[in-house]
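What follows is one structure encoded as structure tokens, with my remarks underneath.
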Amino acid sequence: MKRVRSILYVILCAIMFGCSNFDDLNTNPNTVENATSSLLATSVILDMVQPDGYAANFIQDACLAKQMIWMEYLHDYNYNVLGRASFSGYTMLINANKMKELAAEQDREAYEALALLAKAYKLFYLSMQVGDIPFSNALQGELNNTKPQYDSQKEVMEAILEDLEMASHLFSLAHSFEGDPIFQGDVSKWEKVTNAFRLKVLMYLSKKENDPELNIKEQFARIFNNDPLMESNRDNLQLVFSDKSGQLYPYNKAISKHYVYATISSVVIDTLKAYNDYRLFYFAQPAATMIEKGLQPDNADAYIGLDPVADFSDVKSEYAKGAYSAINLRYIEIPSGEPYTRVGYAEQCFILAEAMLRGWINGNAIEYYNAGIKASMRFIAENTPDDELYHHGKKITEDYIDTYLNSESVMLKGGIEHQIKQIIIQKYLTYYMQYPFDAYYEYRRTGYPVLPINPFTNRNVEKDKIPVRWMYPTKEFDYNKENVDKAVASQYDGIDNNNKIMWILK
């Protein structure tokens, strides 16, 4: 009875003294109670650059692009099952808007520019997955608009390019800002990233280069001639890992026990072998069966890529024998792995080379093609310890790069279409373990590299094709049905499936 009275006394005191005292007693002095622009900027930037996860989630895009095969189970992306997209990325944009709203006057330009870039980046890739998306009426929940209309993909791309142009301008006016884990608030770096991404968006619109309303060639040339662009790998928008807790490379063995299931495809291995490309020795491990036969790790013949479209039971059989190349130990053993790039200098060089071939800008395509290859190889060499365990005695040096660029199989030559193919193949190699889904998007845009399709193992409805889009999220049909139905009707004849061609691909 005495205990009951004590409890009642505490309750009465709480009522008498009010909630404010109760809140004071239950406030953690070590936590931040109010959001700031700098705190929100950190979360917005990390959301842009962080990988989607580890193990299979980390390499799922490589499975779709037939760069890798996941051996733990039959991975949907290996066999062309795309399923549905997610609209969860809009959540980050709410933080981006709040970051801009909370900014002090002297910081407003930088945070507004970052918010515009983040929105453009996030919604560009969402549109690349599905087509039309909510854009102009999105993020209006506070205005009680919980069922936004969809903008056409063309309208989305036009708006994205406008936002990126404004972001570039604002970064050029801004001064350094706090909360930036990538460039430590250096707005000149962010301006270069923004302009490089503008070029990337325009190149993905290459099928629309003659659309008079888009003025793609003119926009591209204006950026190339007037705006600052990336000058080296030091300008890359990339996440650098370390040996600190929570900052390990996402495929490191300390946090991913499933690394043994990642194997490299014959598409990647055979391409590297055909070019006598030393990236082979940095990407992969020699196959156990080849080492048992007496081949040395510095022999390209010791590396075996599995057929990414073979029957899974056959692939499992080769895997069980050890007749395959696993990923290089540097991804597993080194805590920092390598930086994870989202917008990079090497890619920019390849984009400029293609634009020159297409006649969008003046310049020497060979020069930029070679610069892209150099940047790709230097990135790998500079982020790998000089240890035979990781390069197998085939070091990428400046002399080797020069030899590589002058080899017949690598030199940029032939007709324009053949040269574009060469550029995209080099992009494909640069995208290995990097740039989520861009290798797939480039294949979808250009058809390069030619990826294998096996009608007997293809789980796509159309057995002779790799699917070209994700379907809309189920939640959209549950909560925004009228608008998503209109989007499906206007784009895909009312049928939401993975093989319908979106506007950007027509």
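Reckoned from all heavy atoms, side chains included, excluding hydrogens, waters and symmetry mates.
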Salt-bridge criterion met for [X] and [Y] (N-O under 4.0 Å):
X	Y	value
Arg222	Glu218	no
Asp438	Lys200	yes
Glu354	Arg445	yes
Glu112	Lys100	no

Quiz item: So, do Tyr435 and Tyr340 have ring centers that fall under 6.0 Å from each other?
Solution: no
Exercise. May I ask you to check whether Tyr111 and Phe177 place their ring centers less than 6.0 Å from one another?
Key: yes
So how far is it from [X] [atom1] to [Y] [atom2], rounded to the nearest 0.5 Å?
X	Y	atom1	atom2	result
Lys207	Asn210	NZ	CG	12.5 Å
Met99	Leu40	CE	CG	7.5 Å
Asp132	Met502	CG	CE	9.0 Å
Gln50	Arg342	CD	CZ	9.0 Å
Ile160	Ser127	CD1	OG	6.0 Å
Glu101	Asn97	CD	CG	6.0 Å

Nearest non-hydrogen partners of [X] and [Y], listed with the distance:
X	Y	result
Asn383	Phe379	ND2-O, 2.7 Å
Ala365	Met356	N-SD, 3.7 Å
Ala284	Tyr303	O-CE2, 3.7 Å
Leu164	Phe197	CD1-CD2, 3.7 Å
Pro449	Tyr443	O-CD1, 3.2 Å

Just wondering, are more than 12 heavy atoms of other shown residues or ligands nearer than 6.0 Å to [atom1] in [X]?
X	atom1	result
Asn406	CG	yes
Glu209	CD	yes
Leu173	CG	yes
Lys421	NZ	no
Lys475	NZ	no
Met166	CE	no

Over 60° means perpendicular and under 30° means parallel, so classify the ring planes of [Y] and [X], tilted if in between.
X	Y	result
Phe224	Tyr368	perpendicular
Tyr77	Phe437	perpendicular
Phe283	Tyr432	parallel
His75	Tyr73	parallel

Strictly by modelled atom types, are [X] and [Y] linked by a side-chain donor-acceptor pair under 3.5 Å?
X	Y	answer
Ser168	Asn195	yes
Ser136	Asp151	yes
Tyr404	Asn370	no
Gln67	Ser265	no
Glu338	Gln434	yes

Mark yes or no for whether [X], through its side chain, and [Y], through its backbone, hold a donor-acceptor pair below 3.5 Å.
X	Y	value
Glu109	Phe171	no
Glu442	Tyr448	no
Tyr249	Val240	no
Asn483	Lys486	no
Asn78	Val309	no
Thr341	Gly344	no
Asn236	Gln238	no
Lys208	Trp503	yes
Asn364	Ile366	yes
Thr42	Ser38	yes

Practice problem: Side-chain contact test, heavy atoms from C-beta onward, threshold under 4.5 Å: evaluate it for Ile45 versus Leu114 and give yes or no. | Solution: yes
Quiz prompt | Within-4.5 Å side-chain heavy-atom neighbours: Val49 and Ile182 | solution = yes
Report all side-chain donor-acceptor pairs from residues 184-192 shorter than 3.5 Å, counting only partners two or more places apart or in another chain.
unit_1 : atom_1 : unit_2 : atom_2 : d
Asp186 : OD1    : Ser188 : N      : 3.0
Asp186 : OD1    : Ser188 : OG     : 2.5
Lys189 : NZ     : Arg234 : O      : 3.3
Lys189 : NZ     : Asp235 : OD1    : 2.7
Trp190 : NE1    : Asp180 : OD2    : 2.8
Lys192 : NZ     : Glu231 : OE2    : 2.7

Quiz item: For the ring-ring contact (aromatic ring centres under 6.0 Å, His included) test, which of Tyr251, Tyr54, Phe58, Trp70 pairs with Tyr261?
Solution: Trp70
Quiz item: Does Lys119 count as lying over the ring of Phe135, i.e. NZ or CZ under 6.0 Å from the six-ring centre, within 45 degrees of the axis?
Solution: yes
Practice problem: With Arg469 as the cation and Tyr472 as the aromatic partner, state whether NZ or CZ is under 6.0 Å from the six-membered ring centre and within 45° of the axis. | Solution: yes
Practice problem: Kindly determine whether Asn480 and Glu476 satisfy side chain to side chain donor-acceptor pair (under 3.5 Å), including the steps that lead there. | Solution: CA-CA 5 Å; Asn480 194 17; Glu476 281 296 286; 3.3 Å; yes
Quiz prompt | ring pair (Phe, Tyr, Trp, His ring centres under 6.0 Å) evaluation trace for Phe87 with Tyr90 | solution = CA-CA 6 Å; Phe87 277 14; Tyr90 283 98; 5.6 Å; yes
Practice problem: Could you walk me through whether Tyr282 and Tyr278 pass the ring pair (Phe, Tyr, Trp, His ring centres under 6.0 Å) test, one step at a time? | Solution: CA-CA 7 Å; Tyr282 288 76; Tyr278 281 11; 8.3 Å; no
Exercise. Using the side chain to side chain donor-acceptor pair (under 3.5 Å) rule, pick out the option among Asn498, Asn458, Asn460 that qualifies with Asn80.
Key: Asn458
Exercise. Please assess Leu64 against Tyr79 for the test side chain to side chain contact (heavy atoms under 4.5 Å, CB included), listing each intermediate value before the final yes or no.
Key: CA-CA 8 Å; Leu64 180 57; Tyr79 293 93; over 6 Å; no
Exercise. Using the side chain to side chain contact (heavy atoms under 4.5 Å, CB included) rule, take Ser376 and Gln426 through it: C-alpha gap first, then chi angles, then the decisive distance, then the call.
Key: CA-CA 9 Å; Ser376 177; Gln426 288 295 335; over 6 Å; no
